[in-house]
Amino acid sequence: MSVPSPGYAAPVPVLALGDVLLVTLQGDLHDDTAERLRQDLTRRIARHSGGRVTGVVIDISGVEVVDSYLGRVLAEIAASARLLAARTVLTGMRPAVAITLVELGLTLPGLLTALDVERALELLSGPDPAGARAPDAEGGG
Amino acid sequence: MQTSPGTAATILPIGSDADLAWARHQVRQAAAALGFGLVQQTKLITAASELARNTLVHGGGGHLEITPVAHGKARGLRLSFVDTGPGIRDLELAMTDGYTTGGGLGLGLSGARRLVHEFRVDTRPGGGTTVTVVMWLAGMPVPRPGTG
Ligand SMILES: Nc1ncnc2c1ncn2[C@@H]1O[C@H](COP(=O)(O)OP(=O)(O)OP(=O)(O)O)[C@@H](O)[C@H]1O
Ligand SMILES: [Mg+2]
């Protein structure tokens, strides 16, 4: 077929901001791209074990659809990060995506959320209430 | 329910990862062309993504048929996911939240059903699976299933 496939087939870039890894997802992610990102992130966190990477921020403001596959990959990233003593914050979820996820029945355990990247970094610069699942619910917006 | 006059069905192969992305893209185009709002589009594409992946992973591949439909004044989009795979032995069980025979979350079928207006599965052990869903445009009377 001569029509190019939409969205990514290329790897997702991972940016290091001090001790935080920042990932910006955009467009339509192919399944294998999401899976490659999971492996890449886990490796990068593990390589720095000893406390170098303390957080991962995944910005999905450019993502129009989160299905159970991508949802599971995100939850798995958070779970591996947690085992390696890093927290994962999901930012920028579109309202239509949030509404859809609730109806789909997909909860994202282990993922903290923030409205934008700035607030995510703020959250990560605070103390890690090790084991606690969510930050102060009042301030969570 | 009738297919809308002057609009042909679109048939897309589902045989790879890239086909899933292409199917999502085509469903979005069709839904936007009909005037679906953002939330409805997102729900329909998400349901389509779940069902197309089932066609690929559990059904061994197949195709998706996208058809604009009409019922009186109501306008909608019908999506049929067709495979000739092993079929579903216990449909009721497969429709249960959390039930999976693979490594999934088991939310595909049950979750997709919650996202659309009409949902039907035709399957037979050894005889393949066809899942058909319909989403009606918001703001129009939603026809009762089975009256078409
Ligand atoms: N097209 C199909 N052909 C054969 N079996 C199917 C098909 N679609 C679904 N199934 C069966 O129904 C089960 C439930 O499907 P469902 O989509 O809900 O969950 P899943 O695909 O296993 O996981 P998830 O979609 O959450 O990743 C599957 O595990 C599979 O056994
Ligand atoms: Mg599934």
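Since this is a predicted model, take the numbers as computed values, not measurements. Just so it is clear: chains get the letters A, B, ... in the order the sequence lines come, proteins before strands, and each one is counted from 1.
- Side-chain contact between A:His30 and B:Leu20: absent, with no pair of heavy atoms (C-beta onward) separated by less than 4.5 Å.
- Residue B:Arg114 touches chain A through both its backbone and its side chain, counting heavy-atom pairs closer than 4.5 Å.
- Transitive grouping of hydrophobic side chains (ILVMFWY, heavy atoms separated by less than 4.5 Å) brings A:Leu124 and A:Leu17 into a common cluster.
- Side-chain heavy atoms closer than 4.5 Å link hydrophobic residues (I, L, V, M, F, W, Y) into clusters, and following such links, even through other members, never connects A:Ile99 to A:Met93.
- Side-chain contact check for A:Leu104 versus B:Thr46: some heavy-atom pair is nearer than 4.5 Å.
- The backbone N or O of A:Asp31 lies less than 3.5 Å from a partner atom in the side chain of B:Asp17, making a donor-acceptor pair.
- Residue A:Leu101 does not touch chain B at all, counting heavy-atom pairs closer than 4.5 Å.
- Linking Ile, Leu, Val, Met, Phe, Trp and Tyr residues whenever their side-chain heavy atoms come within less than 4.5 Å leaves B:Ile88 and B:Val57 in two separate clusters.
- Within 6.0 Å of CD on A:Gln39 lie more than 12 heavy atoms contributed by other residues, nucleotides or ligands.
- Hydrophobic clustering (ILVMFWY, side-chain heavy atoms < 4.5 Å, transitive): B:Val82 and B:Val116 are in distinct clusters.
- Per-residue counts of heavy-atom pairs under 4.5 Å with chain B were compared for A:Gly71, A:Pro95, A:Ala75, A:Ala96; the largest is that of A:Ala96.
- Residues B:Arg24 and A:Leu29 come closest through the heavy atom pair NH2-O, 3.3 Å.
- For the options B:Leu38, B:Ile45, B:Val39, B:Leu107, heavy-atom pairs under 4.5 Å to chain A are most numerous at B:Leu107.
- With a 4.5 angstrom heavy-atom cutoff, B:Arg113 does not touch chain A via any of its atoms.
- Of the atoms belonging to B:Ala112, it is backbone heavy atoms, and not side-chain ones, that fall under 4.5 Å from chain A.
- Looking at B:Asp97, its side chain never comes within 3.5 Å of a backbone N or O of A:Gly105 through a donor-acceptor pair.
- B:Val121 and B:Tyr99 fall into different hydrophobic clusters, defined by Ile, Leu, Val, Met, Phe, Trp and Tyr side-chain heavy atoms under 4.5 Å apart, directly or through other members.
- Taken from CZ in B:Arg53 to CG in A:Asp67, the straight-line distance is 4.5 Å, to the nearest 0.5 Å.
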